[in-house]
Amino acid sequence: MNNETVTTDSQLAAAALPSDSIRITRQGKIRSWVKHGLDFFQENPDKPLTLHTSPADVAQSTIPRLISVVEILKREYLKLDVLAGQLTGLHQYNELQWEQRGEIAAEGEDRVSTIARALEGKKHPKLTLAPYMKVTLCRRALPGMHEKKEVTYQTPQTRRLSKTTKARLKKKAKQQMP
């Protein structure tokens, strides 16, 4: 008896994409990305989650959507954490990068002539930078990320409890003590 497993193309594609990464696009729903992120943190408390955009033209940038998703995710996570008894949010690491798009050829005579024209001051080659962003969220600080030059860090938010909530929790703790 032969125990061969058959994998379909969709299974291969799902296996190729890491589950700890979410790509933010113009067509997707913010609600589904936030739900996926919250589910991820409940299932994998020690793994970081990366949300990212792809390089695009400035007019078509998805960076504002990414920031909205991250802020909603952090706020909703903090609400879930308070119910679980924890009062700290998520550590956030931001990377803003650019992809250069332009007319300079990679090799050969075209590259030499394009650079020569640019140095002469005639017909400057058009160069554009396409921005994209990567945000990593995690429950604990990631070692080594603070030292990277291109990464910025945001500390986790802390949830402040009101006086009545503190009194209620104190009363509940006394009732549980024998």
Side-chain angles (χ1 to χ4, degrees), residues 13-101 128-178:
L17 292 174
S19 63
D20 57 347
S21 179
I22 300 174
R23 180 174 168 219
I24 306 299
T25 61
R26 290 182 307 186
Q27 290 82 18
K29 299 277 185 191
I30 290 178
R31 182 179 1 163
S32 64
W33 293 320
V34 171
K35 183 181 180 324
H36 178 74
L38 291 173
D39 292 344
F40 175 82
F41 281 118
Q42 287 180 346
E43 294 169 6
N44 307 303
D46 295 330
K47 288 180 72 176
L49 175 67
T50 303
L51 296 101
H52 62 92
T53 63
S54 62
D57 294 330
V58 176
Q60 301 173 349
S61 178
T62 54
I63 292 175
R65 288 191 76 151
L66 171 68
I67 293 170
S68 296
V69 170
V70 168
E71 293 302 323
I72 294 169
L73 185 59
K74 289 186 339 186
R75 184 179 64 227
E76 294 299 316
Y77 175 81
L78 197 56
K79 287 179 185 176
L80 289 177
D81 252 7
V82 167
L83 297 177
Q86 297 180 2
L87 301 174
T88 59
L90 297 169
H91 296 265
Q92 179 178 341
Y93 298 93
N94 305 315
E95 295 179 59
L96 183 60
Q97 300 169 343
W98 293 271
E99 180 179 279
Q100 183 174 347
R101 297 178 179 176
T128 58
L129 297 175
Y132 61 100
M133 189 172 184
K134 185 166 83 170
V135 177
T136 303
L137 298 172
C138 55
R139 288 187 173 187
R140 294 182 180 87
L142 296 175
M145 287 293 278
H146 294 286
E147 289 81 31
K148 288 186 176 181
K149 187 176 182 179
E150 64 274 356
V151 176
T152 60
Y153 173 71
Q154 287 184 6
T155 58
Q157 296 175 341
T158 55
R159 177 81 181 219
R160 294 185 183 173
L161 298 177
S162 66
K163 288 181 182 179
T164 56
T165 306
K166 286 179 186 178
R168 195 175 328 120
L169 289 174
K170 199 175 197 181
K171 184 178 178 181
K172 195 179 213 181
K174 282 184 181 179
Q175 288 175 353
Q176 291 178 354
M177 296 290 281

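Two residues are said to be in side-chain contact when any heavy atoms from C-beta on lie closer than 4.5 Å; Asp39 and His36 fail this criterion. Counting only heavy atoms from C-beta outward, the side chains of Thr136 and Val151 never approach each other to under 4.5 Å. Under the 4.5 Å side-chain criterion, counting only non-hydrogen atoms from C-beta, Glu71 is in contact with Gln92. The shortest distance between side-chain heavy atoms of Thr152 and Leu96 does not fall below 4.5 Å. Annotation: side chain of Asp20 is not in contact with side chain of Asn44 (no heavy-atom distance under 4.5 Å). Between Glu95 and Met145 there is a side-chain heavy-atom pair separated by less than 4.5 Å. Inter-residue side-chain proximity for Thr25 and Trp33 is flagged as met; some heavy-atom pair is nearer than 4.5 Å. Contact check for Ile22 versus Phe40: no side-chain heavy atoms found under the 4.5 Å cut-off.
Among all heavy-atom pairs drawn from Val34 and Val69, the shortest one is CG2-O, 4.2 Å. Taking each heavy atom of Leu49 and Gly37 in turn, the nearest pair found is CD2-CA, 3.7 Å. Here the shortest heavy-atom pairing between Pro45 and Arg140 reads O-NH1, 4.4 Å. Contact between Arg65 and Gly28 at its shortest, heavy atoms only, is NH2-O, 2.7 Å. When all heavy atoms are compared, the tightest approach of Leu66 to His52 is CD1-N, 4.1 Å.
Relative ring orientation between Tyr93 and Tyr153 is described as tilted, the plane-to-plane angle lying within the 30° to 60° band.
The NZ atom of Lys134 lies 11.5 Å from the CG atom of Asn94; values are rounded to the nearest 0.5 Å.
Looking at residues two or more places apart in sequence or on another chain, you find a side chain to side chain donor-acceptor pair (under 3.5 Å) between Ser54 and Arg23. For Gln154, the side chain to side chain donor-acceptor pair (under 3.5 Å) partners two or more places apart in sequence, or in a different chain, are Lys74.
Under the side-chain contact (heavy atoms from CB on, under 4.5 Å) test applied with Ile24, the options Val135, Ile67, Val70, Leu51 reduce to a single match, Leu51.
Between the side chain of Arg139 and the backbone N or O of Phe41, at least one donor-acceptor pair lies under 3.5 Å. Although no hydrogens or angles enter the test, the distance criterion places no donor-acceptor pair under 3.5 Å between the side chain of Arg26 and the main chain of Thr62.
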